[in-house]
J.: 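Here's a structure for you.
Numbers for residues simply follow the sequence, beginning at 1.
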Amino acid sequence: MEDSEIMVKYEKLGCHISNEGACFTIYATQAYAMVLEVYKDAYQTTPLMKQIIERNQESHYFSVYVPCIKTGMYYVWRIMNEDYSYSPAIMDPYAKGVIYFQGEWRNLVVGEQQYMQLKPHIPWKETIIYELHVGHFTKIDESIPKEERGTFKGLIKKIPYLKELGVTTLEMLPIFKWYAHTLKNRSPYTGELLADIWGYNTLAFFALDERYSVEKTSEGSLREFKLFLEAAHRSGLEVILDVVYNHSGEGGEGGVMIHFKYLAPEVYYKYSEHGQYLNCSGTGNTLNTNHPIVKKLIKDSLIYWASEIGVDGFRFDLASILGQDEKGRWLRESLLNEIATDPILSKVKLITEGWDVKGSYDVGRMPAPFCEWSDYFRDTIRKFVKGDQGIVPSVSDCMLGKEIYFTDSRKGKDQTIHFIAAHDGFTMWDLVSYNQKHNEANGENNRDGHNANYSYNWGAEGDTEDANVIRARQKAMRNLLCLLFLSKGTPMLLMGDEFARTQKGNNNAFCQDNELVWVDWKKSIENEALLCFTRKLINYRKTLDYFKNEEAYTISWHGIHQKQPDLSYYSRSIACFIEGRESLFFIVNNYYEPLKFELPIISGKWECLINTAYFSEEKAEDIKSTFFEVEAYSVCLFRVVHEVMTKV
C-alpha cells in the first residue's frame, strides 16, 4: 500500500497530547526502527522513558502512544539502523518548539489550542502593509527596556507608533526556527563568520526561533509571540508571516543533517537526473512540494499558524517553486491550488513572490485568492523617478494597478502588491543616495545582491553635506512615496522608509546584525517632515473615496493640455483626472524643467493637497487659475472643493 493511501490513518504527525498521555508519530523511509526518548524538561540528561518503535509493515510511519505525557516535556527521535546503531538526535519536522542541548535536538511537547480572539479581517482595498524585521526594528530603540529590544515584547511597545503611521498590516520577515550558517561567508573586516539574520533557511515549520523573545526558550518565544499577536489584534493590526516552504536550512551537498536528510531525503527533496539536489532556491536544495507528505507538512504548518496561533496570513517566499513539477515546469494544479481552495487557508491573506532563483517567472499565474508582489511596479516607478525615458505608458498602468495580467479572471487590482523597496534590495533612501550597491561587508567582494537597482544618487554617492543634493533626494523620496500610496493596488512600505532609513548602500544585508541594519529611531526626529508627509499620504489613501469606491469614478489621461497625454518615448510627465463624487487630479512631472498644466474645468474649485516641490509640511492650497505650474521632478495632487450655497 502506498504511503499516500494510508495518510488518513496517520493524519496527525508529530506529538499530540491528550488527558491521559500523548501519541508520537513520525514519517521515515530510511529507518529500520525509530527510538523515542522523553525528558521531563529541556535540560534533563536522563530520559523518563526510552522506547524502540518498529515500522508499520504497510507504511513508513512510526507511531506510539505514551501515557503520562504533559505539556512542557521534551522528546528526542533517533533512527535505529539494522546493526542497532543509532543516528544523532533528529528534529521532529512537526515539533512546535525545539532547542539544541548538548549537541542534540529536543522537541517540545505542546497541547493543542484554538485562537479565540477576534481578528481584524481588513479588506484588501483597505490594506496597507508594513514589512519589518523583528530583531532589527527595536534593537537600538532607547524608548524600550534594553532586555526587550529586538523581541516580540519590544514590538508590542511600537504598536502605537504603527497605528499613528496608519498602516494596517504587519508583514514580518521569517520567525520560524532557522539555520544561520547555510552560507559560510566571513566579514572582510573582522574575519568573523557571518550568519543569516533574515531567517530564510527554515528548519522548523511549526516552531519559533527563540532569539526574538526575552526568555530564550521554546515555551517563552511562543508565549511572547501570542502576547504580541493579541496586542496587535486588539489595536486593529493584522500580522502576516513571511514563510519559506521552497527549501530547508539543511542546504545541499555537504550541508547539515537535521531532519529531512535523515528521515526521507528522496521524499522531501527534488533531485536532478544525476542524483544531486536541485537548487531552485539558491540555497542548496528544493523541497519536493508535489509529494503528498511534503504537501501535508506545508498545509498542516499553515493551518497551525492560522488556526491555533491566530496569524492573519502568509507571504510565500519564491512561491513559483510551490507551483512546479519535479522538472521545474509550471503546473495547472499544484500545492498553490490546494492552499487556495482549503476551507481555512483560503480565508486568510495570501501573498506570493512569483519567481525563483533558477529563472522561472510566474507573476500573474497564481490562483485566486493569492495576491502577488509586483516587481514590475517596483522597477517601473524606480526607473521613472530616476529619470529614465520611454516608460510613461507603463507608469500609467502602474498608477491604475493594472500592470499585471492575471490568468485567473477572479482577481483584480487589489490582488497586486505594490512596493518600491523591500527587505531584499536598497532601502528607499538608498535608492536616491547610491548609484551602485556597496555590499563589501557581506564577505563576497561586492558580488552578491542585485545589480539592476534603478537607483540615482542625485549628485553624490552616499552621505553628503551638499544641501542641493539633499533637497533633491528628499523630493525624490516624496515622489516615490506618492506614486506608491496614490496608485491603485495594495501598497507595502519597508520599515523605516517613512523617515529615510539607510543601509549605506548595502542591498543584500541578510548577514548583517549591527547598526548598518538596525532601525535608527533618531532619524524619525531628524526627518520628522518626511515622517509627517508619509502619515499624511497614508491618511489620504485611507480617506479618499476613490480608493474605497473605484467603480464610481472614471479615469482619463492628460498632458500639459487637457485630453492630450504625451506617451512618446521622450515624455517624462503624465496627468490623471479621476472624476466622480470626489474628483482628483494627479500630476507627475519628472521633466528637468517646470511644466504648466491645464486643470480640468469643474463646477467647484481645485485645492492642492500635495506638492512635493515643498520641503516641509504644507497646508492645502486653493487654486484660482485654470493652469498650475508644477516644478521639475515633482508630484501634485488636487481635489475638487464644491462651494456650498447658503440661504440669505
Side-chain angles (χ1 to χ4, degrees), residues 1-16 23-31 34 53 55-63 77 79 90-96 176 202-206 243-248 250 258-272 275 277-278 280-281 285-308 314 316-346 350 352 356 366-367 370:
M1 185 180 295
E2 294 292 330
D3 288 342
S4 58
E5 295 181 278
I6 60 171
M7 282 176 62
V8 174
K9 181 177 179 181
Y10 297 99
E11 183 177 0
K12 291 188 174 183
L13 286 158
C15 172
H16 294 272
C23 184
F24 297 84
T25 305
I26 196 165
Y27 177 86
T29 62
Q30 303 295 306
M34 293 294 294
I53 307 155
R55 184 172 64 197
N56 183 294
Q57 293 301 309
E58 57 184 5
S59 74
H60 295 292
Y61 292 91
F62 296 81
S63 189
W77 282 112
I79 289 176
I90 295 171
M91 181 187 293
D92 185 349
Y94 276 76
K96 295 175 181 176
F176 297 173
T202 304
L203 291 175
F205 297 91
F206 294 78
V243 290
V244 186
Y245 295 112
N246 58 79
H247 73 280
S248 89
E250 288 189 304
I258 305 292
H259 41 35
F260 300 146
K261 287 183 178 180
Y262 281 117
L263 295 169
E266 80 287 1
V267 167
Y268 284 105
Y269 293 120
K270 292 181 179 179
Y271 289 86
S272 72
Y277 290 102
L278 281 180
C280 305
S281 64
N285 66 57
T286 306
L287 286 178
N288 184 13
T289 55
N290 293 310
H291 194 285
I293 295 296
V294 184
K295 283 185 177 181
K296 176 176 171 56
L297 173 78
I298 294 171
K299 289 192 292 183
D300 286 351
S301 169
L302 292 167
I303 290 170
Y304 167 73
W305 291 105
S307 295
E308 293 195 41
F314 307 93
F316 294 82
D317 177 68
L318 301 183
S320 282
I321 292 173
L322 279 61
Q324 298 170 359
D325 66 11
E326 288 76 6
K327 302 293 185 181
R329 297 168 298 199
W330 184 256
L331 291 169
R332 295 180 65 89
E333 296 294 328
S334 67
L335 173 60
L336 291 170
N337 301 89
E338 294 185 21
I339 294 171
T341 55
D342 183 89
I344 294 174
L345 300 178
S346 62
L350 302 171
T352 59
D356 66 20
M366 306 296 167
F370 280 102

J.: Check whether any side-chain heavy atom of Glu250 sits under 4.5 Å from a side-chain heavy atom of Tyr269, and report yes or no.
T.: yes

J.: How close do Ile90 and Ile258 get, counting heavy atoms only, and between which atoms?
T.: CG2-O, 3.5 Å

J.: Of all heavy-atom pairs between Tyr245 and Ser301, which one has the smallest distance, and what is that distance?
T.: OH-OG, 2.7 Å

J.: Would Ile293 and Tyr61 count as a side-chain contact (heavy atoms from CB on, under 4.5 Å) here? Give the steps.
T.: CA-CA 11 Å; Ile293 295 296; Tyr61 292 91; 3.2 Å; yes

J.: Is the shortest heavy-atom distance from the side chain of Leu263 to the side chain of Tyr27 under 4.5 Å?
T.: no

J.: Between Val294 and Val267, what is the shortest heavy-atom contact and its length?
T.: CG2-O, 3.5 Å

J.: Taking the side chain as C-beta and beyond, is there a heavy-atom pair between Leu350 and Ile339 under 4.5 Å?
T.: yes

J.: Within 45 degrees of the axis of the six-membered ring of Tyr277 and under 6.0 Å from its centre: does Lys261 put its NZ or CZ there?
T.: yes

J.: Can you tell me how far CG of Leu335 sits from NE2 of His291, rounded to the nearest 0.5 angstrom?
T.: 13.5 Å

J.: Going by heavy atoms in the side chains, are Asn285 and Phe260 under 4.5 Å from each other?
T.: no

J.: For Asp325, what residues pass the salt bridge (Lys or Arg N to Asp or Glu O under 4.0 Å) criterion, not counting sequence neighbours?
T.: Arg329

J.: Run the side-chain contact (heavy atoms from CB on, under 4.5 Å) check on Leu203 and Phe176 step by step: do they pass?
T.: CA-CA 8 Å; Leu203 291 175; Phe176 297 173; over 6 Å; no

J.: Return the minimal non-hydrogen interatomic distance between Pro93 and Ile26, and the atom names on each side.
T.: CD-CD1, 4.4 Å

J.: Might you work through the side-chain contact (heavy atoms from CB on, under 4.5 Å) test for Lys12 and Thr25, ending with a clear yes or no?
T.: CA-CA 7 Å; Lys12 291 188 174 183; Thr25 305; over 6 Å; no

J.: For the pair Asn337 (side chain) and Ser334 (backbone), establish whether a donor and an acceptor sit closer than 3.5 Å, ignoring hydrogens and angles.
T.: yes

J.: Find the distance between CG (Leu322) and NZ (Lys295) and round it off to the nearest 0.5 Å.
T.: 10.5 Å

J.: Considering non-hydrogen atoms only, spot the tightest contact between Phe205 and Trp305 and give its length.
T.: O-NE1, 3.0 Å

J.: Are any non-hydrogen side-chain atoms of Phe62 and Ile79 less than 4.5 angstrom apart?
T.: no

J.: With distance as the sole test, does Asn246 use its side chain to make a donor-acceptor pair with the main-chain N or O of Thr286 at under 3.5 Å?
T.: no

J.: Would you call Phe24 and Trp77 a side-chain contact if the rule is heavy atoms closer than 4.5 Å?
T.: yes

J.: Is there side-chain contact between Phe206 and Leu297, with heavy atoms separated by less than 4.5 Å?
T.: yes

